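Inspection log for the structure reproduced underneath, given as structure tokens.
For clarity, every value in this text was computed on a predicted model and none was experimentally measured.
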Amino acid sequence: MSTHAPLSAADVSRVIEMAWEDRTPFEAIERQFGLNEPAVVALMRRELKLRSFKMWRERMAGRATKHASLRPPGASRHRASHTRQA
């Protein structure tokens with residue numbers, strides 16, 4: 001069970017966006033929102049339509065870029081073009 005505060009609607013939307021991104025590992029979602037992979041899967045199951053959830057799970061199955069430990073050496077962090085650049 002998570003000890004973090006419940007997520008706002010904006011946070012849920014951002015978690016979904018990060019989960020769909022190919023280059024964002026589950027570990028990044030966990031660092032930012034405190035949700036491990038099973039919690040992200042549960043959130044996606046709850047928030048997405050059934051067909052969208054199935055499509056996402058099929059897409060994520062075995063995708064090395066979604067797990068930091070499986071990423072190839074030299075794979076850098078990706079920043080979406082709409083996020084604030086520091």
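Evaluation of the side chain to side chain contact (heavy atoms under 4.5 Å, CB included) rule for Arg31 yields Glu27, Ala28 as partners, not counting sequence neighbours. For Glu47, the side chain to side chain contact (heavy atoms under 4.5 Å, CB included) test picks out Val12, Ile16, Leu43, with sequence neighbours left out. Partners of Arg59 under the side-chain hydrogen bond (donor to acceptor under 3.5 Å, both in side chains) rule, at least two apart in sequence or in another chain, are Asp22.
Between atom CZ of residue Arg23 and atom CE of residue Met18 there is a gap of 13.5 Å, rounded to the nearest 0.5 Å. Rounding to the nearest 0.5 Å places CZ of Arg14 at 6.5 Å from OG1 of Thr24. To the nearest 0.5 angstrom, Glu37 atom CD is 11.5 Å from Met44 atom CE.
Taking all atoms of both residues into account, the shortest heavy-atom contact from Val40 to Ala19 is CG1-CB, 4.0 Å.
Using a 4.0 Å cut-off between charged side-chain N and carboxylate O, Arg51 and Glu58 make no salt bridge.
In this structure a side-chain-to-backbone donor-acceptor pair under 3.5 Å is missing from Trp56 to Leu48.
Within the 4.5 Å cutoff, the side chain of Val41 has heavy atoms near those of the Phe53 side chain.
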